[in-house]
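Both ligands and their constituent atoms are indexed starting at 1 by order of listing.
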Amino acid sequence: MSTLDSPTLQRMHAYWRAANYLCVGQIYLRDNPLLREPLQLEHIKPMLLGHWGTTPGQNFIYVHLNRIIKQLDLDMIYISGPGHGGPAVVANTYLEGTYSEIYPQISQDEAGLKRLFTQFSWPGGIPSHASPECPGSIHEGGELGYSLSHAFGAVFDNPGLIVACVIGDGEAETGPLATAWHSNKFLSAATDGAVLPILHLNGYKIANPTVLARIARTELQQLLQGCGWAPHFVEGHEPERMHELMASTLDIVIGKIRQIQQQARQQRVLERPQWPMIVLASPKGWTGPKCADGVPIEGTFRAHQVPLSDPRTHPEHLKLLEQWLRSYHAEELFDGQGRLRTELAQLAPLGTRRMGANPHANGGALLRDLRMPEFRDYAVAVKQPGVAGIGDTRVLAPFLRDVVKLNSEPRNFRLFGPDETISNGLEAVFEATARQWEARTEPNDQYLANDGRVLEVLSEHQCEGWLEGYLLTGRHGLFNCYEAFIHIVDSMFNQHAKWLKVTAHLPWRRRIASLNYLLASHVWRQDHNGFTHQDPGFIDQVVNKKAEVVRVYLPPDANCLLSVVDHCLRSRHYVNVIIAGKHPAPQWLSMEQAVAHCTEGIGIWSWASNDQQADPDVVMACCGDVPTLETLAAVSLMRTHLPQLKVRVVNVVDLMKLQPPSEHPHGLSDREFDQMLTRDKPVIFAFHGYPWLIHRLTYRRTNHDNIHVRGYKEEGTITTPFDMTVLNDLDRFHLVMDAIDRLPQLGDRGIYLKQQLKAKLVEHRDYIHRHGEDMPEVRNWAWDAVYPAL
Ligand SMILES: Cc1ncc(C[n+]2csc(CCOP(=O)(O)OP(=O)(O)O)c2C)c(N)n1
């Protein structure tokens with residue numbers, strides 16, 4: 001017996017034709033949207049932009065998902081992996097009515113159709129992808145590879161949600177997507193929702209066949225099965241047969257999803273299920289022109305973008321385009337006003353069951369504040385500056401543990417990381433939860449459970465994609481990672497920051513929780529790993545993005561870290577980058593001082609300065625925990641050996657303070673900047689990252705010419721912590737020498753001290769080579785305005 005009776009099948013086919021028609025219209029037309037007149041050149045856009053190839057397949061999927069949503073009242077959203085098929089999501093959200101509700105000028109009539117067509121890939125209109133402007137989208141899909149990770153992120157802790165995730169067979173060749181199949185080892189059938197991957201095997205990328213289309217179907221089946229999936233193939237090109245096959249397959253796979261969930265939820269079956277998925281093998285550019293210019297188009301790579309050329313330069317294509325458009329018989333699909341005929345419109349689900357109107361795809365609308373513990377309760381007691389600390393992230397860990405605990409019932413906070421939660425000093429979170437793990441366990445495993453709040457997989461791409469999906473659907477999270485390897489997701493960060501920028505200006509999109517990176521195990525303390533693990537360049541990458549979206553914090557000690565993390569977890573619609581150390585390190589500020597300092601983001605540390613009664617001779621500025629330590633050691637040296645010198649210490653927690661306020665909302669006013677860093681005195685700036693960044697951020701400041709920056713200059717290896725700073729000229733001795741070089745008034749006193757400091761550096765080298773650790777005077781140094789004898 002067939003799944004679809006004949007009238008239903010015909011109506012679904014008509015709906016598909018309507019969507020296809022709207023997509024061709026978006027790519028080509030600026031006028032005559034219902035082809036009431038013969039097609040003329042003036043009806044055609046001056047620039048033909050967009051991607052046809054993936055679009056009819058996605059339209060086909062969408063109409064079938066609509067049927068099953070309606071039939072079973074499913075809570076479902078749609079992710080378009082090949083998001084370049086933007087016309088498809090626009091067309092379908094228009095047909096279901098959501099588009100016109102959000103953008104009333106794109107009305108359900110002929111005038112609205114004309115605007116719908118014209119706005120696509122048009123200046124002042126909408127982009128060609130499944131962009132943020134498109135309702136129902138949480139995934140632009142411009143940069144391929146992240147659809148399946150986003151889909152999983154969206155269903156974690158969303159037990160009622162199904163994400164239908166269309167994956168391009170080209171997209172499936174990317175590293176992130178290839179790994180994302182394994183997300184099923186982290187998904188709880190009991191407490192999470194389900195992902196329905198639909199691998200769209202249309203055979204081609206831009207100009208090449210795809211790998212998965214050119215291996216035997218059995219090999220593809222085995223590959224997917226090996227990744228833990230049960231693939232169902234829907235293959236062919238004859239519409240009638242394909243409609244029936246897709247409908248019956250969807251019935252089976254959704255039935256299977258429900259059965260798996262029921263077994264886990266009611267019968268408490270704990271074995272990892274084999275989740276179903278669909279492989280849709282259909283021609284690329286299905287229903288488009290068969291041939292043009294004597295070569296086949298449909299079912300080939302030539303269908304990828306705009307299959308027929310501009311009739312202004314290829315006059316013979318005008319007829320072909322008109323034939324193609326008329327093949328959908330728009331007159332049977334839209335009424336006299338240009339509105340989708342009622343019997344077709346009824347195929348779409350209603351209200352928030354429409355995939356364009358599902359609130360999960362506008363996550364800010366569902367976002368609830370986290371329940372936050374009082375961060376001050378986790379403070380380190382700092383009676384005087386310089387007391388020994390256990391490692392800043394280790395102080396933070398109990399706070400994060402309690403964030404997990406307090407939000408265990410709303411289930412809206414998770415930690416993500418590539419197997420570094422313990423390594424980054426956050427082990428205390430495992431007092432409250434475990435790592436989510438659905439694969440096999442063995443007796444010696446640690447902290448694994450099938451209901452853990454920590455998601456760890458050794459793929460930074462998955463951590464990032466899952467977290468993004470989680471945030472975009474209205475929840476909160478934090479990604480902890482080694483600083484050097486966060487670069488792996490540079491490009492994903494880019495895409496997310498772009499999404500935030502655009503959505504911030506769409507009033508109907510609600511703001512989501514910020515994406516928080518905690519980069520521990522940073523460049524200066526890679527004692528185990530050396531050069532490969534030393535790279536502070538993620539900050540440089542981040543500050544390229546819009547100031548309204550990015551924030552970078554370098555707390556100098558644990559109390560500042562607590563204050564910063566509390567702030568970031570409460571913030572909205574930013575990317576926050578926090579860089580913190582995990583190794584024992586001195587603590588500088590009491591909690592009260594830390595809160596005041598972090599609130600300002602930059603400040604003079606008067607307890608370390610001696611310029612209260614006079615203008616400073618030199619400003620010693622620092623940003624980052626290790627640079628702060630070296631700066632304070634340098635200051636104590638200067639105050640001991642050059643007591644007449646007036647030294648001011650400035651610490652920066654919020655890097656964006658350095659930019660002028662015209663460039664970043666956090667930017668310090670020029671007046672305050674001049675007051676703090678002076679208009680004309682030398683500034684020795686010890687920075688955590690690459691030095692150029694400080695110049696980039698301060699080049700417009702009055703005193704920029706006098707700012708001399710030390711930072712990481714790509715000198716690294718396995719060595720002692722202090723030697724890392726020496727190799728990069730960021731150590732206390734170099735900092736003092738830098739100051740002397742810029743203070744000619746010191747005369748011979750300065751020259752003699754410099755001589756002694758150079759000798760110190762030689763002594764340091766000899767010592768570490770002989771003993772394998774830093775000199776006792778370095779290891780045991782503690783803040784005092786007086787430095788031990790040289
Ligand atoms: C990471 C990335 N690399 C390259 C591209 C350029 N690109 C755009 S579409 C495309 C082919 C996509 O093929 P597929 O995923 O199969 O989509 P479809 O054939 O359905 O259009 C490529 C390579 C991209 N968008 N993203």
Side-chain angles (χ1 to χ4, degrees), residues 19-20 23-24 26-27 49-62 78-92 121 127-131 137 139-151 164-181 197-215 220 223-224 234-235 237 278-288 296-307 459-462 464-465 468 487-496 498-499:
N20 287 339
C23 293
V24 187
Q26 289 179 76
I27 295 172
L49 306 166
H51 298 80
W52 166 250
T54 176
T55 298
Q58 294 203 47
N59 287 336
F60 180 81
I61 293 167
Y62 210 101
Y78 179 88
I79 286 185
S80 171
H84 44 274
V89 278
V90 172
N92 280 288
S121 289
S128 65
H129 286 194
S131 64
S137 174
H139 172 93
E140 171 141 2
E143 185 167 290
L144 297 166
Y146 318 134
S147 59
L148 197 50
S149 323
H150 282 167
C165 179
V166 181
I167 299 159
D169 48 354
E171 183 190 12
E173 293 175 14
T174 65
L177 199 293
T179 310
W181 297 114
I198 303 172
L199 177 63
H200 191 195
L201 204 67
N202 62 16
Y204 298 91
K205 297 169 288 205
I206 298 176
N208 264 290
T210 62
V211 171
L212 295 187
R214 296 297 175 90
I215 58 177
L220 174 59
L223 173 75
L224 296 168
V234 175
E235 176 153 16
H237 60 90
I278 291 175
V279 179
L280 172 65
S282 62
K284 188 152 182 167
W286 201 5
T287 76
I297 305 286
E298 189 196 36
T300 77
F301 66 89
R302 294 187 194 91
H304 181 67
Q305 283 187 348
V306 179
S459 160
E460 284 76 5
H461 290 121
Q462 301 318 307
E464 173 82 18
E468 287 176 4
H487 267 310
I488 291 169
V489 300
D490 275 2
S491 208
M492 293 181 81
F493 149 77
N494 272 344
Q495 298 301 324
H496 188 72
K498 285 172 193 284
W499 181 278

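Within the 4.5 Å cutoff, no side-chain heavy atoms of His84 are placed close to those of Gln305. Between Ile167 and Trp181 there is a side-chain heavy-atom pair separated by less than 4.5 Å.
Without hydrogens or angle criteria, Lys284 side chain to Lys205 main chain gives a donor-acceptor distance under 3.5 Å.
Taking every heavy atom of both residues into account, Thr54 and Gln58 meet most closely at OG1-NE2, 2.9 Å.
Only one option out of Leu177, Leu220, Leu148 pairs with Leu199 in a side chain to side chain contact (heavy atoms under 4.5 Å, CB included); it is Leu220. For the side-chain hydrogen bond (donor to acceptor under 3.5 Å, both in side chains) with Ser149, the qualifying choice from Glu468, Glu464, His461, Gln462 is Gln462, the only one to do so.
Protein residues lining ligand 1, listed by chain and number: Thr54, Pro82, His84, Gly142, Glu143, Leu144, Gly168, Asp169, Gly170, Glu171, Asn202, Tyr204, Lys205, Ile206, Lys284, His304 [non-hydrogen atoms, distance under 4.0 Å].
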